Colleague: 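Attaching a single structure in C-alpha coordinates format; questions to follow.
Residue numbers start from 1 in every chain, and the chains themselves are labelled A, B, ... in the order their sequence lines are given, proteins ahead of strands. Computed over heavy atoms, backbone and side chain alike; hydrogens, waters and symmetry mates excluded. As the structure is a computational prediction, the values presented were derived from the model and not from experiment.
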Protein chains: 2
Amino acid sequence: MTEADAPRRRGRPSRTQTEAAPATRDRILEAAREEFSERGYEKTSVRGIAKAAGVDSALVHHYFGTKEQVFEAAIEVAFAPALNAPDAVADGPLDGVGERLTRFILGVWENPATRTPLLAIVRSAVNNDTAAAVFRRLIAAQLLRRIAGQLDFPDAELRAELAAAQLVGTAILRYVIKVEPLASADPEQIIARLAPVVQGHLTAP
Amino acid sequence: MTEADAPRRRGRPSRTQTEAAPATRDRILEAAREEFSERGYEKTSVRGIAKAAGVDSALVHHYFGTKEQVFEAAIEVAFAPALNAPDAVADGPLDGVGERLTRFILGVWENPATRTPLLAIVRSAVNNDTAAAVFRRLIAAQLLRRIAGQLDFPDAELRAELAAAQLVGTAILRYVIKVEPLASADPEQIIARLAPVVQGHLTAP
(Lines give C-alpha, C1' and ligand atoms only; values in the text may rest on other atoms or scores of the structure.)
Protein backbone atom coordinates (compact mmCIF):
# COMPACT_ATOMS: atom_id res chain seq x y z
CA MET A 1 0.00 0.00 0.00
CA THR A 2 1.51 3.35 -1.00
CA GLU A 3 1.34 6.46 1.18
CA ALA A 4 -1.17 8.07 -1.18
CA ASP A 5 -3.52 5.09 -0.83
CA ALA A 6 -3.31 4.94 2.95
CA PRO A 7 -6.46 6.02 4.77
CA ARG A 8 -6.07 9.28 6.74
CA ARG A 9 -6.24 8.78 10.48
CA ARG A 10 -6.31 11.14 13.45
CA GLY A 11 -3.64 10.95 16.12
CA ARG A 12 0.00 9.96 15.74
CA PRO A 13 1.42 9.80 12.20
CA SER A 14 1.74 6.25 10.89
CA ARG A 15 5.12 4.67 10.25
CA THR A 16 4.50 4.97 6.48
CA GLN A 17 3.98 8.71 6.79
CA THR A 18 7.02 9.43 8.94
CA GLU A 19 9.27 7.38 6.64
CA ALA A 20 8.37 9.60 3.67
CA ALA A 21 9.77 12.58 5.60
CA PRO A 22 11.46 14.92 3.10
CA ALA A 23 8.77 14.87 0.38
CA THR A 24 5.91 15.13 2.89
CA ARG A 25 7.64 17.89 4.83
CA ASP A 26 8.14 19.89 1.62
CA ARG A 27 4.53 19.34 0.62
CA ILE A 28 3.32 20.64 4.00
CA LEU A 29 5.63 23.64 3.73
CA GLU A 30 4.40 24.46 0.24
CA ALA A 31 0.77 24.14 1.38
CA ALA A 32 1.54 26.39 4.36
CA ARG A 33 3.18 28.99 2.12
CA GLU A 34 0.10 29.02 -0.13
CA GLU A 35 -2.41 29.11 2.73
CA PHE A 36 -0.61 31.96 4.50
CA SER A 37 -0.22 33.85 1.19
CA GLU A 38 -3.90 33.55 0.36
CA ARG A 39 -5.47 34.00 3.78
CA GLY A 40 -2.92 35.77 5.95
CA TYR A 41 -1.78 34.57 9.36
CA GLU A 42 -5.00 34.99 11.33
CA LYS A 43 -7.29 33.12 8.96
CA THR A 44 -4.89 30.24 8.34
CA SER A 45 -5.24 27.11 10.50
CA VAL A 46 -2.99 24.09 10.94
CA ARG A 47 -6.02 22.00 9.98
CA GLY A 48 -6.38 23.96 6.70
CA ILE A 49 -2.68 23.52 5.92
CA ALA A 50 -2.93 19.78 6.63
CA LYS A 51 -5.97 19.48 4.39
CA ALA A 52 -4.27 21.36 1.52
CA ALA A 53 -1.22 19.09 1.87
CA GLY A 54 -3.39 15.96 2.07
CA VAL A 55 -2.03 14.89 5.46
CA ASP A 56 -3.26 14.67 9.03
CA SER A 57 -2.95 17.77 11.27
CA ALA A 58 -0.83 15.71 13.67
CA LEU A 59 1.81 15.37 10.97
CA VAL A 60 2.01 19.15 10.56
CA HIS A 61 2.58 19.47 14.32
CA HIS A 62 5.06 16.58 14.18
CA TYR A 63 7.28 18.33 11.63
CA PHE A 64 6.85 21.97 12.58
CA GLY A 65 5.25 22.35 16.01
CA THR A 66 2.81 25.23 16.53
CA LYS A 67 1.07 27.38 13.92
CA GLU A 68 3.61 30.10 14.71
CA GLN A 69 6.45 27.69 13.93
CA VAL A 70 4.82 26.56 10.66
CA PHE A 71 4.46 30.23 9.75
CA GLU A 72 8.10 30.90 10.53
CA ALA A 73 9.24 27.95 8.40
CA ALA A 74 6.90 28.97 5.58
CA ILE A 75 8.00 32.59 5.48
CA GLU A 76 11.63 31.48 5.61
CA VAL A 77 10.91 29.61 2.37
CA ALA A 78 8.90 32.49 0.91
CA PHE A 79 11.63 34.87 1.95
CA ALA A 80 14.49 32.69 0.70
CA PRO A 81 15.20 34.94 -2.31
CA ALA A 82 15.05 37.98 -0.05
CA LEU A 83 17.24 36.38 2.62
CA ASN A 84 19.85 34.75 0.39
CA ALA A 85 20.66 37.71 -1.79
CA PRO A 86 22.08 39.94 0.96
CA ASP A 87 25.29 37.85 0.78
CA ALA A 88 25.85 39.34 -2.64
CA VAL A 89 24.32 42.66 -1.60
CA ALA A 90 26.56 43.01 1.44
CA ASP A 91 29.71 41.37 0.05
CA GLY A 92 30.53 44.06 -2.50
CA PRO A 93 32.24 47.37 -1.77
CA LEU A 94 30.49 49.36 0.96
CA ASP A 95 30.17 52.47 -1.19
CA GLY A 96 27.78 50.70 -3.57
CA VAL A 97 25.65 49.01 -0.90
CA GLY A 98 22.85 51.60 -1.13
CA GLU A 99 22.20 50.93 -4.80
CA ARG A 100 22.62 47.15 -4.50
CA LEU A 101 20.17 46.95 -1.60
CA THR A 102 17.60 49.26 -3.26
CA ARG A 103 17.86 47.43 -6.58
CA PHE A 104 17.52 44.08 -4.84
CA ILE A 105 14.44 44.98 -2.76
CA LEU A 106 12.63 46.62 -5.69
CA GLY A 107 13.50 43.57 -7.81
CA VAL A 108 11.93 41.19 -5.29
CA TRP A 109 8.76 43.31 -5.23
CA GLU A 110 8.64 43.76 -9.03
CA ASN A 111 8.70 39.99 -9.54
CA PRO A 112 5.11 38.69 -9.24
CA ALA A 113 6.34 35.29 -7.98
CA THR A 114 8.00 36.85 -4.93
CA ARG A 115 5.57 39.77 -4.53
CA THR A 116 2.61 37.56 -3.53
CA PRO A 117 4.28 35.92 -0.51
CA LEU A 118 5.85 39.25 0.49
CA LEU A 119 2.42 40.89 0.45
CA ALA A 120 1.07 38.09 2.63
CA ILE A 121 3.94 38.47 5.08
CA VAL A 122 3.54 42.25 5.31
CA ARG A 123 -0.24 41.95 5.76
CA SER A 124 0.16 39.27 8.42
CA ALA A 125 2.86 41.17 10.28
CA VAL A 126 0.84 44.40 10.31
CA ASN A 127 -2.26 42.61 11.62
CA ASN A 128 -1.07 40.05 14.06
CA ASP A 129 1.42 40.36 16.91
CA THR A 130 2.63 36.78 16.59
CA ALA A 131 3.27 37.19 12.87
CA ALA A 132 4.96 40.52 13.62
CA ALA A 133 7.29 38.77 16.08
CA VAL A 134 8.25 36.17 13.48
CA PHE A 135 8.85 38.85 10.85
CA ARG A 136 10.87 40.92 13.33
CA ARG A 137 13.05 37.94 14.30
CA LEU A 138 13.75 36.96 10.70
CA ILE A 139 14.31 40.42 9.30
CA ALA A 140 16.39 41.56 12.26
CA ALA A 141 18.54 38.44 12.54
CA GLN A 142 19.00 37.60 8.90
CA LEU A 143 18.99 40.89 7.06
CA LEU A 144 19.44 43.98 9.21
CA ARG A 145 22.14 42.65 11.52
CA ARG A 146 24.20 41.36 8.63
CA ILE A 147 24.16 44.79 7.05
CA ALA A 148 24.72 46.59 10.35
CA GLY A 149 27.64 44.24 11.08
CA GLN A 150 29.55 45.78 8.18
CA LEU A 151 29.18 49.31 9.51
CA ASP A 152 31.56 50.91 11.95
CA PHE A 153 29.14 53.17 13.83
CA PRO A 154 27.77 52.92 17.37
CA ASP A 155 24.26 53.40 15.93
CA ALA A 156 24.80 50.93 13.06
CA GLU A 157 21.62 48.92 13.78
CA LEU A 158 19.44 52.03 13.94
CA ARG A 159 20.96 53.22 10.66
CA ALA A 160 20.23 49.88 8.99
CA GLU A 161 16.64 50.01 10.26
CA LEU A 162 16.05 53.55 9.00
CA ALA A 163 17.44 52.50 5.61
CA ALA A 164 15.06 49.52 5.69
CA ALA A 165 12.23 51.90 6.68
CA GLN A 166 12.75 53.88 3.47
CA LEU A 167 12.49 50.67 1.42
CA VAL A 168 9.58 49.17 3.40
CA GLY A 169 7.63 52.44 3.19
CA THR A 170 8.28 52.71 -0.55
CA ALA A 171 7.12 49.12 -1.09
CA ILE A 172 3.93 49.74 0.91
CA LEU A 173 3.01 52.99 -0.84
CA ARG A 174 3.90 51.62 -4.31
CA TYR A 175 2.72 47.99 -4.20
CA VAL A 176 0.09 47.88 -1.42
CA ILE A 177 -1.58 51.31 -1.18
CA LYS A 178 -0.69 52.13 -4.81
CA VAL A 179 -0.26 55.89 -4.47
CA GLU A 180 0.32 57.63 -7.81
CA PRO A 181 2.66 58.65 -9.39
CA LEU A 182 4.85 56.33 -7.27
CA ALA A 183 2.87 53.19 -8.17
CA SER A 184 3.46 53.64 -11.93
CA ALA A 185 6.94 55.21 -11.81
CA ASP A 186 9.79 53.50 -13.69
CA PRO A 187 11.77 51.39 -11.18
CA GLU A 188 14.99 53.03 -12.44
CA GLN A 189 13.64 56.47 -11.53
CA ILE A 190 12.89 55.24 -8.01
CA ILE A 191 16.28 53.52 -7.69
CA ALA A 192 18.04 56.72 -8.79
CA ARG A 193 16.29 58.64 -5.99
CA LEU A 194 16.50 56.00 -3.25
CA ALA A 195 20.00 54.54 -3.71
CA PRO A 196 21.80 57.65 -2.38
CA VAL A 197 19.30 57.93 0.49
CA VAL A 198 19.86 54.30 1.58
CA GLN A 199 23.60 54.77 1.10
CA GLY A 200 23.49 57.89 3.26
CA HIS A 201 21.67 56.10 6.08
CA LEU A 202 24.33 53.39 6.09
CA THR A 203 27.61 55.22 5.52
CA ALA A 204 27.26 59.02 5.83
CA PRO A 205 29.22 60.42 8.81
CA MET B 1 -40.71 61.35 25.00
CA THR B 2 -37.00 62.06 24.55
CA GLU B 3 -34.90 60.50 21.80
CA ALA B 4 -33.09 58.27 24.31
CA ASP B 5 -36.41 56.82 25.49
CA ALA B 6 -37.73 56.17 21.98
CA PRO B 7 -37.94 52.50 21.05
CA ARG B 8 -35.51 51.47 18.26
CA ARG B 9 -37.24 50.55 15.06
CA ARG B 10 -36.09 49.13 11.74
CA GLY B 11 -36.66 51.03 8.48
CA ARG B 12 -36.75 54.78 7.92
CA PRO B 13 -35.45 56.99 10.70
CA SER B 14 -38.20 58.59 12.75
CA ARG B 15 -38.83 62.34 12.67
CA THR B 16 -37.39 62.59 16.20
CA GLN B 17 -34.14 61.02 15.10
CA THR B 18 -33.63 63.11 11.97
CA GLU B 19 -34.37 66.31 13.86
CA ALA B 20 -31.53 65.60 16.28
CA ALA B 21 -29.14 65.70 13.32
CA PRO B 22 -25.84 67.18 14.58
CA ALA B 23 -25.58 65.30 17.88
CA THR B 24 -26.70 61.99 16.38
CA ARG B 25 -24.39 62.39 13.38
CA ASP B 26 -21.44 63.02 15.71
CA ARG B 27 -22.37 60.04 17.85
CA ILE B 28 -22.45 57.76 14.78
CA LEU B 29 -19.12 59.14 13.59
CA GLU B 30 -17.53 58.56 16.99
CA ALA B 31 -18.94 55.01 17.10
CA ALA B 32 -17.62 54.41 13.56
CA ARG B 33 -14.17 55.69 14.52
CA GLU B 34 -14.10 53.33 17.52
CA GLU B 35 -15.42 50.32 15.61
CA PHE B 36 -12.93 50.79 12.75
CA SER B 37 -10.10 51.35 15.25
CA GLU B 38 -10.89 48.20 17.17
CA ARG B 39 -11.84 45.84 14.37
CA GLY B 40 -10.34 47.22 11.17
CA TYR B 41 -12.26 47.87 7.98
CA GLU B 42 -13.12 44.31 7.00
CA LYS B 43 -14.61 43.23 10.31
CA THR B 44 -16.60 46.42 10.87
CA SER B 45 -20.23 46.50 9.73
CA VAL B 46 -22.71 49.34 9.40
CA ARG B 47 -24.97 47.32 11.69
CA GLY B 48 -22.22 47.19 14.34
CA ILE B 49 -21.63 50.94 14.08
CA ALA B 50 -25.37 51.59 14.40
CA LYS B 51 -25.58 49.34 17.45
CA ALA B 52 -22.60 51.05 19.13
CA ALA B 53 -24.19 54.46 18.46
CA GLY B 54 -27.61 53.27 19.68
CA VAL B 55 -29.35 54.06 16.39
CA ASP B 56 -30.90 52.16 13.51
CA SER B 57 -28.66 51.08 10.60
CA ALA B 58 -30.88 53.09 8.26
CA LEU B 59 -29.82 56.26 10.05
CA VAL B 60 -26.14 55.49 9.46
CA HIS B 61 -26.88 55.08 5.74
CA HIS B 62 -29.01 58.23 5.83
CA TYR B 63 -26.16 60.38 7.10
CA PHE B 64 -23.14 58.75 5.48
CA GLY B 65 -24.18 56.39 2.68
CA THR B 66 -22.16 53.18 2.21
CA LYS B 67 -19.71 51.54 4.64
CA GLU B 68 -16.89 52.96 2.50
CA GLN B 69 -18.31 56.45 2.95
CA VAL B 70 -18.70 56.00 6.73
CA PHE B 71 -15.08 54.83 6.81
CA GLU B 72 -13.94 57.86 4.84
CA ALA B 73 -15.79 60.24 7.16
CA ALA B 74 -14.47 58.41 10.23
CA ILE B 75 -10.85 58.44 9.13
CA GLU B 76 -11.15 62.11 8.17
CA VAL B 77 -12.06 62.70 11.82
CA ALA B 78 -9.34 60.34 13.09
CA PHE B 79 -6.88 61.96 10.74
CA ALA B 80 -7.93 65.51 11.54
CA PRO B 81 -4.81 66.23 13.62
CA ALA B 82 -2.68 64.70 10.87
CA LEU B 83 -4.48 66.58 8.12
CA ASN B 84 -4.79 69.96 9.75
CA ALA B 85 -1.22 70.37 10.89
CA PRO B 86 0.34 70.44 7.42
CA ASP B 87 -0.82 74.07 7.11
CA ALA B 88 1.71 74.93 9.78
CA VAL B 89 4.13 72.30 8.53
CA ALA B 90 4.05 73.60 4.95
CA ASP B 91 3.63 77.34 5.68
CA GLY B 92 7.06 77.90 7.20
CA PRO B 93 10.30 78.36 5.29
CA LEU B 94 10.97 75.54 2.81
CA ASP B 95 14.42 74.81 4.20
CA GLY B 96 12.95 73.65 7.53
CA VAL B 97 10.13 71.55 6.06
CA GLY B 98 11.99 68.24 6.50
CA GLU B 99 12.32 68.67 10.24
CA ARG B 100 8.79 70.09 10.71
CA LEU B 101 7.23 67.21 8.79
CA THR B 102 9.30 64.53 10.55
CA ARG B 103 8.63 66.04 13.97
CA PHE B 104 4.94 66.32 13.24
CA ILE B 105 4.49 62.71 12.00
CA LEU B 106 6.48 61.21 14.89
CA GLY B 107 4.45 63.38 17.27
CA VAL B 108 1.16 62.04 15.95
CA TRP B 109 2.43 58.46 16.34
CA GLU B 110 3.94 59.09 19.79
CA ASN B 111 0.61 60.35 21.11
CA PRO B 112 -1.48 57.32 22.20
CA ALA B 113 -4.74 59.17 21.42
CA THR B 114 -3.82 59.56 17.74
CA ARG B 115 -1.75 56.37 17.45
CA THR B 116 -4.73 54.02 17.90
CA PRO B 117 -6.79 55.36 14.97
CA LEU B 118 -3.65 55.63 12.82
CA LEU B 119 -2.85 51.99 13.51
CA ALA B 120 -6.39 51.04 12.53
CA ILE B 121 -6.15 53.04 9.32
CA VAL B 122 -2.78 51.53 8.37
CA ARG B 123 -4.00 48.00 9.13
CA SER B 124 -7.22 48.54 7.19
CA ALA B 125 -5.43 50.08 4.21
CA VAL B 126 -2.86 47.27 4.04
CA ASN B 127 -5.59 44.60 4.17
CA ASN B 128 -8.44 45.90 2.14
CA ASP B 129 -8.45 47.50 -1.31
CA THR B 130 -11.45 49.73 -0.54
CA ALA B 131 -9.81 51.04 2.62
CA ALA B 132 -6.55 51.49 0.65
CA ALA B 133 -8.42 53.60 -1.92
CA VAL B 134 -9.86 55.83 0.82
CA PHE B 135 -6.44 56.21 2.46
CA ARG B 136 -4.84 56.94 -0.92
CA ARG B 137 -7.43 59.59 -1.77
CA LEU B 138 -7.11 61.35 1.58
CA ILE B 139 -3.34 61.19 1.92
CA ALA B 140 -2.73 62.12 -1.71
CA ALA B 141 -5.24 64.95 -1.92
CA GLN B 142 -4.84 66.43 1.53
CA LEU B 143 -1.23 65.90 2.50
CA LEU B 144 1.10 64.95 -0.34
CA ARG B 145 -0.25 67.34 -2.99
CA ARG B 146 -0.14 70.27 -0.61
CA ILE B 147 3.51 69.58 0.08
CA ALA B 148 4.33 68.83 -3.56
CA GLY B 149 2.56 72.06 -4.57
CA GLN B 150 5.26 74.05 -2.78
CA LEU B 151 8.07 72.39 -4.71
CA ASP B 152 9.35 73.61 -8.05
CA PHE B 153 10.38 70.26 -9.58
CA PRO B 154 8.80 68.28 -12.41
CA ASP B 155 8.89 65.19 -10.14
CA ALA B 156 7.56 67.06 -7.09
CA GLU B 157 4.80 64.52 -6.35
CA LEU B 158 7.17 61.56 -6.56
CA ARG B 159 9.58 63.37 -4.24
CA ALA B 160 6.80 64.02 -1.71
CA GLU B 161 5.77 60.36 -1.86
CA LEU B 162 9.32 59.08 -1.32
CA ALA B 163 9.64 61.44 1.66
CA ALA B 164 6.33 60.06 2.96
CA ALA B 165 7.63 56.52 2.34
CA GLN B 166 10.55 57.16 4.72
CA LEU B 167 8.12 58.31 7.42
CA VAL B 168 5.49 55.59 6.79
CA GLY B 169 8.18 52.87 6.81
CA THR B 170 9.68 54.25 10.02
CA ALA B 171 6.24 54.32 11.70
CA ILE B 172 5.54 50.72 10.63
CA LEU B 173 8.88 49.33 11.80
CA ARG B 174 8.81 51.33 15.05
CA TYR B 175 5.16 51.25 16.13
CA VAL B 176 3.67 48.22 14.36
CA ILE B 177 6.42 45.62 13.84
CA LYS B 178 8.45 47.04 16.77
CA VAL B 179 11.94 46.28 15.48
CA GLU B 180 14.67 47.06 18.00
CA PRO B 181 16.59 49.31 18.56
CA LEU B 182 14.27 51.53 16.46
CA ALA B 183 11.20 50.80 18.60
CA SER B 184 12.87 52.07 21.80
CA ALA B 185 15.03 54.82 20.33
CA ASP B 186 14.64 58.39 21.59
CA PRO B 187 12.35 60.29 19.17
CA GLU B 188 14.95 63.08 19.01
CA GLN B 189 17.59 60.63 17.79
CA ILE B 190 15.23 59.49 15.01
CA ILE B 191 14.29 63.07 14.11
CA ALA B 192 17.98 64.02 13.89
CA ARG B 193 18.54 61.21 11.37
CA LEU B 194 15.31 61.55 9.36
CA ALA B 195 14.86 65.33 9.10
CA PRO B 196 17.76 65.80 6.62
CA VAL B 197 16.61 62.75 4.62
CA VAL B 198 13.05 64.08 4.28
CA GLN B 199 14.43 67.53 3.50
CA GLY B 200 16.69 66.04 0.81
CA HIS B 201 13.77 64.22 -0.84
CA LEU B 202 11.83 67.48 -1.01
CA THR B 203 14.41 70.13 -1.86
CA ALA B 204 17.78 68.65 -2.92
CA PRO B 205 18.62 69.40 -6.59
Colleague: Mark yes or no: Arg115(A) above the aromatic ring of Tyr175(A), with NZ or CZ under 6.0 Å from the six-membered ring centre and no more than 45 degrees from the axis.
Modeller: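 Negative - Arg115(A) is either too far from the ring of Tyr175(A) or too far off its axis.
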Colleague: Checking heavy atoms, do the side chain of Ala125(A), its backbone, both or neither come under 4.5 Å from chain B?
Modeller: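 Both the backbone and the side chain of Ala125(A) come within 4.5 Å of chain B.
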Colleague: Sort Ala164(A) into side chain, backbone, both or neither according to what part of it lies under 4.5 angstrom from a heavy atom of chain B.
Modeller: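 Contact with chain B involves both backbone and side-chain atoms of Ala164(A).
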Colleague: Side chain, backbone, both or neither: which part of Ile172(A) has a non-hydrogen atom closer than 4.5 Å to chain B?
Modeller: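 Just the side chain, heavy atoms under 4.5 Å.
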Colleague: So does Glu30(B) pair up with Arg27(B), basic N to acidic O under 4.0 Å?
Modeller: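 Looking at Arg27(B) together with Glu30(B), the answer is no, because their closest N to O distance does not fall below 4.0 Å.
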Colleague: Step by step, work out the side-chain contact (heavy atoms from CB on, under 4.5 Å) result for Thr24(B) and Ile28(B).
Modeller: CA-CA 6 Å; Thr24(B) 306; Ile28(B) 294 170; 4.1 Å; yes
Colleague: With a 4.5 angstrom heavy-atom cut-off, which part of Ile177(B) approaches chain A: side chain, backbone, both or neither?
Modeller: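 Both backbone and side chain.
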Colleague: May I ask you to say whether Arg103(A) pairs ionically with Glu110(A), meaning some side-chain N is under 4.0 Å from a carboxylate O?
Modeller: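 Glu110(A) and Arg103(A): not salt-bridged.
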Colleague: Side chain from CB out, backbone as N, CA, C, O: work out which of these in Leu158(A) comes under 4.5 Å of a heavy atom of chain B, or both, or neither.
Modeller: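 Contact with chain B: backbone and side chain both.
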Colleague: Side chain, backbone, both or neither: which part of Ala133(B) has a non-hydrogen atom closer than 4.5 Å to chain A?
Modeller: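 Neither part.
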Colleague: Given a strict heavy-atom distance threshold of 4.5 Å, which part of Arg174(B) is in contact with chain A: side chain, backbone, both, or neither?
Modeller: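 Neither part; nothing is under 4.5 Å.
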Colleague: So which residue, Thr170(B), Leu173(B), Val176(B), Leu162(B), ends up with the most heavy-atom pairs under 4.5 Å with chain A?
Modeller: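 Going by pairs under 4.5 Å, I would pick Leu162(B).
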Colleague: Look at the rings of Phe71(B) and Tyr41(B) and say which category their plane angle falls in: under 30° parallel, 30 to 60° tilted, over 60° perpendicular.
Modeller: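 Correct class here is perpendicular.
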Colleague: What do you reckon, is CG of Asp152(B) surrounded by more than 12 foreign heavy atoms closer than 6.0 Å?
Modeller: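 It does not: Asp152(B) CG has 12 such atoms or fewer within range.
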Colleague: Could you check whether any side-chain N or O of Thr102(B) sits under 3.5 Å from a backbone N or O of Ile191(B), counting only pairs where one atom can act as donor and the other as acceptor?
Modeller: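 Between the backbone of Ile191(B) and the side chain of Thr102(B) there is no qualifying donor-acceptor contact (under 3.5 Å).
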Colleague: Is there any residue in residues 192-205 of chain A with a non-hydrogen atom under 4.5 Å from a non-hydrogen atom of chain B, and which ones are they?
Modeller: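 Those residues of residues 192-205 of chain A which have a heavy atom under 4.5 Å from chain B are Arg193(A), Leu194(A), Val197(A), His201(A).
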Colleague: Can you name the residues that form a salt bridge (charged side-chain N to carboxylate O under 4.0 Å, His left out) with Lys43(A), not counting sequence neighbours?
Modeller: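 Per chain and number, Lys43(A) pairs via salt bridge (charged side-chain N to carboxylate O under 4.0 Å, His left out) with Glu42(B).
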Colleague: Return the CG to OG distance between Asn127(B) and Ser124(A), rounded to the nearest 0.5 Å.
Modeller: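 Answer rounded to 0.5 Å: 8.5 Å.
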Colleague: Quick check for you: among Ala163(B), Ala171(B), Pro181(B), Ala131(B), which has the greatest number of heavy-atom pairs under 4.5 Å with chain A?
Modeller: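 Looking at each option in turn, the highest pair count goes to Pro181(B).
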Colleague: Out of Val168(A), Leu182(A), Leu167(A), return the one with the most heavy atom pairs under 4.5 angstrom to chain B.
Modeller: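 Of Val168(A), Leu182(A), Leu167(A), Leu182(A) has the most heavy-atom pairs under 4.5 Å with chain B.
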Colleague: Using atom types as modelled and distance alone, determine if a side-chain donor or acceptor of Asp56(B) lies under 3.5 Å from a backbone N or O of Leu59(B).
Modeller: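 Flag not set: sc Asp56(B) to bb Leu59(B) has no pair under 3.5 Å.
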Colleague: Please report the shortest heavy-atom distance between Val70(B) and Ala32(B), naming the atom on each side.
Modeller: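 Distance-wise, the nearest heavy atoms are CG1-CB, 3.6 Å.
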